[in-house]
A.B. asks: 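This is the structure I have questions about; it appears just below.
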Amino acid sequence: MARHLITSALPYINGIKHLGNMVGSMLPADVYSRYLRRRGHDVLYICATDEHGTPAELAAKEQGLAVDVFCAQAHDAQKAVYDGFALAFDYFGRSSSAENRDITQHFARKLNENGFIEERAIRQVYSPADGRFLPDRYVEGTCPHCGYDKARGDQCENCTRVLDPTDLINPRSAISGSTDLEVRETKHLFLLQSKLQHEVEAWVSRHEEDWPQLASSIARKWLTEGLHDRAITRDLDWGVPVPADTWPELAAEGKVFYVWFDAPIEYIGATKEWADQDPENRDWKSWWYDVDTEVRYTEFMAKDNVPFHTVMFPATELGVREPWKKVDYVKAFNWLTYYGGKFSTSQKRGVFTDQALEILPADYWRYFLIANAPESDDSSFTWEHFTATVNKDLADTLGNFVNRVLSFSRKRFGDDVPEGGTPGEAETRLGEEIATLLAEYESHMETLQFRKAAAALRALWSAGNSYLEEKAPWLEIKTDKDGAALTLRTAMNLIHLYAVVSEPFIPATAKVMREAFALENDTAAWVTADEAKTLASVPSGTPFTVPPVLFAKLTDEDLETYKERFGGTEG
């Protein structure tokens, strides 16, 4: 089977992420990875905390910690939340690793050898009050494009335009708040993206028709505006240091690489971190080096990360002049909003992932977020919508089906799957419908259409309910006990099928459903079309148990409690 390399945008180290971050990269990547593994593919899913740049230094300063201590603690805290969401990374690394340092410095040296890095004197913001140059995010002010008054010196959070600190109106120091800023001369390294413009254009042209329109349009917009040479070093205490063997003067000044230069390289670095844990059995280069047609590489990210992954990082890889694997498919997402306003880590607006897990188990969130993923447009999180989805899809359609089938069968036939009669016309129709819906579900998963895949999964669940209502075993048993037994046995086979194919979305619940049946050697990873038609994987006589309620219905009181805690008004 094919080999699939999957990465999701690296979450910044500065704090626990909100639901928008979760659905914008990591969760869909996990769902896709789980699906591919179940279909028999060789999958490597890699992510890491993005630990360099001003967010890390500013967050550490705010907490009164050394930046390395802060990053270590924050990495563990983030990883605990992702474990809680059942994100099945093959490895979750750290961009501050020695592996990432070495590979980033290698890339820089090769780019320099090939004439794509240039040392330039530039004028940069300096704060006398702080006694230092202020790199990008250490400068805040008003965006010259949209007027947002909390824009950062590298990018406006409101309109997503890339900025330089000197572009800001009424700039101020993010450290001290001082507006007494000067512009002084200093030296930095520049990546000569202008010299790589045509190569990047040609590369994007070979891929953009396959990408979602969101990803291709953003890449094309950047290319149309023209690639500009970009400073790739900063005046920071924390980051990948400029190698002294190549740039001794800058290294002596303590320059480090810009976070957006080393962060994408960490995908490679984290893979090496993974391999270094078991070097005899893991080969990191077999995923990244000279494997263009052997590995399919899929990246997941929100739209603000698209330019860096479709233009800047490919330019870096092309300029190195080595056969590093480049992305095949960029799955980009729009914003998940909170009552029409933006989720914001910096403004602490919306539900954060640790808070979500305090309220309800992960499967509630996993299903809702993927079923409402902001793929073609922004989508809005509201507590009303969340409550309605949980109650209708999870509690009623799936949970109630499982509970009433197993509870009724145990009450009337005992603790083993009943035998019943021979499948008839209703079972034949059901099998054909399930096979068709399963094929639809598979098709949407293969093309990374998550909302459509969730709708197909929901339709699979609904088909079981329709069959149960049609056969009505609670009435059937009064006149045809064997017929009722057949109905229940068929429904139990549906439960097992649901357990197998729902695992990418709701892994914990899928495990509970599957373990309800005491099947020997139950190693099925997926369900074939023939298996879907016959619905015979759970034979009569199989012992079963009735699991606890899979999904609790949310009440009006729950809804009001959530809205009171987190707010429930338009943004």
Side-chain angles (χ1 to χ4, degrees), residues 35 38-39 393 396-414 416-446 452-505 510 513-514 516-544:
Y35 171 77
R38 292 205 155 266
R39 300 308 306 275
D393 294 358
D396 288 344
T397 303
L398 178 61
N400 188 50
F401 175 78
V402 172
N403 183 264
R404 63 176 174 163
V405 166
L406 297 180
S407 295
F408 184 73
S409 185
R410 184 177 65 178
K411 179 179 179 181
R412 302 309 296 266
F413 294 98
D416 294 339
V417 175
E419 182 172 356
T422 303
E425 182 181 346
E427 286 69 39
T428 299
R429 287 199 313 271
L430 174 65
E432 292 292 341
E433 181 183 11
I434 293 298
T436 299
L437 291 172
L438 181 60
E440 182 181 337
Y441 174 55
E442 292 170 351
S443 174
H444 294 318
M445 289 297 293
E446 295 288 345
K452 291 180 178 179
L457 182 60
R458 185 188 313 121
L460 277 166
W461 299 342
S462 295
N465 284 277
S466 297
Y467 169 74
L468 209 61
E469 292 301 317
E470 175 190 352
K471 293 297 293 292
W474 49 89
L475 299 177
E476 191 177 23
I477 197 169
K478 297 177 181 178
T479 58
D480 184 0
K481 188 173 182 179
D482 284 347
L486 167 65
T487 299
L488 293 169
R489 189 183 80 230
T490 302
M492 290 184 187
N493 273 278
L494 275 178
I495 293 172
H496 186 267
L497 180 145
Y498 295 161
V500 174
V501 303
S502 301
E503 192 271 350
F505 279 70
M513 288 192 289
R514 191 161 182 155
F517 303 101
L519 287 169
E520 292 186 9
N521 302 317
D522 183 15
T523 59
W526 201 247
V527 179
T528 67
D530 287 342
E531 289 169 340
K533 290 178 182 178
T534 58
L535 293 172
S537 60
V538 182
S540 60
T542 301
F544 72 90

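This is a predicted model, so every value here is computed, not measured.
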A.B. asks: Testing the 3.5 Å rule here: is there a donor-acceptor pair between the side chains of S537 and E531?
C.D. replies: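 Looking only at side-chain atoms, E531 and S537 do not form any donor-acceptor pair under 3.5 Å.
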
A.B. asks: Using the six-membered ring wherever Trp is involved, compare the ring planes of H496 and F517 and label them parallel, tilted or perpendicular (cut-offs 30° and 60°).
C.D. replies: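 Geometry flag for F517 against H496: perpendicular rings.
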
A.B. asks: Has the side chain of Y498 got a donor or acceptor atom that lies under 3.5 Å from a matching backbone atom of G464?
C.D. replies: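 Yes.
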
A.B. asks: Give the minimum heavy-atom separation between A516 and L406, together with the two atoms involved.
C.D. replies: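 Minimum heavy-atom contact is CB-CD1, 4.3 Å.
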
A.B. asks: Tell me if a side-chain donor or acceptor on Y441 pairs with a main-chain N or O of A459 at a distance below 3.5 Å.
C.D. replies: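 Such a contact is absent between Y441 side chain and A459 backbone.
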
A.B. asks: Should V417 and P539 count as side-chain neighbours, where that means a heavy-atom distance under 4.5 Å?
C.D. replies: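 No, their side chains stay 4.5 Å or more apart.
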
A.B. asks: Rounded at 0.5 Å granularity, tell me how far CE in M492 sits from CG in L535.
C.D. replies: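 Between M492 CE and L535 CG, I get 13.5 Å after rounding to 0.5 Å.
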
A.B. asks: With a 4.5 Å heavy-atom cut-off, do F401 and S462 have their side chains touching?
C.D. replies: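 A side-chain contact is absent here, since even the closest heavy-atom pair is not under 4.5 Å.
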
A.B. asks: Is it the case that the side chain of N465 and the backbone of W461 share a donor-acceptor pair, with hydrogens and angles ignored and the cut-off at 3.5 Å?
C.D. replies: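 Checking the backbone N and O of W461 against the side chain of N465, a donor-acceptor pair under 3.5 Å is found.
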
A.B. asks: So do I477 and F413 actually touch side chain to side chain, heavy atoms under 4.5 Å?
C.D. replies: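 The answer is yes; the side chains approach within 4.5 Å.
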
A.B. asks: So do L497 and S502 actually touch side chain to side chain, heavy atoms under 4.5 Å?
C.D. replies: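 The answer is no, as the side chains (C-beta and beyond) never meet within the 4.5 Å cut-off.
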
A.B. asks: Could you tell me if the side chain of D393 sits less than 4.5 Å from the side chain of L398, heavy atoms only?
C.D. replies: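 They are not in side-chain contact.
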
A.B. asks: Would a 4.5 Å heavy-atom cut-off, applied to side chains only, mark L494 and L430 as touching?
C.D. replies: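 Contact flag for L494/L430 side chains = yes.
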
A.B. asks: Between T428 and G424, is there a donor-acceptor pair closer than 3.5 Å when you use the side chain of the first and the backbone of the second?
C.D. replies: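 Yes: the side chain of T428 pairs with the backbone of G424.
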
A.B. asks: Under 3.5 Å, side chain of D482 to main-chain N/O of G421, donor-acceptor pair present?
C.D. replies: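 Not at all, since once roles are kept as given, no pair shorter than 3.5 Å links the two residues.
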
A.B. asks: Return yes if some donor-acceptor pair links the side-chain N/O of R38 with the main-chain N/O of A525 below 3.5 Å, else return no.
C.D. replies: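 Yes, R38 side chain to A525 backbone: donor-acceptor pair under 3.5 Å.
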
A.B. asks: Is any side-chain heavy atom of D416 closer than 4.5 Å to a side-chain heavy atom of T542?
C.D. replies: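 A side-chain contact under 4.5 Å is absent here.
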
A.B. asks: Does one side chain, of E427 or Y467, offer a donor that lies under 3.5 Å from an acceptor on the other?
C.D. replies: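 Per modelled atom types, E427 and Y467 side chains form a pair under 3.5 Å.
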
A.B. asks: Looking only at the side chains, is there a donor atom on one of E503 and Y35 sitting less than 3.5 Å from an acceptor on the other?
C.D. replies: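 There is no such pair between these side chains.
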
A.B. asks: Can you tell whether the side chains of R429 and E425 come within less than 4.0 Å, N to carboxylate O?
C.D. replies: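 Counted as a salt bridge, because a side-chain N and a carboxylate O are separated by less than 4.0 Å.
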
A.B. asks: For R412, is the CZ atom crowded, meaning more than 12 foreign heavy atoms sit under 6.0 Å from it?
C.D. replies: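 Open: at most 12 neighbouring heavy atoms sit under 6.0 Å from CZ of R412.
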
A.B. asks: State, with a plain yes or no, whether a side-chain heavy atom of P473 is found less than 4.5 Å away from one of L468.
C.D. replies: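 Result yes, sub-4.5 Å side-chain heavy-atom pair found.
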
A.B. asks: Which distance, rounded to the nearest 0.5 Å, do you find between the CE of M445 and the CZ of R39?
C.D. replies: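 Answer rounded to 0.5 Å: 10.0 Å.
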
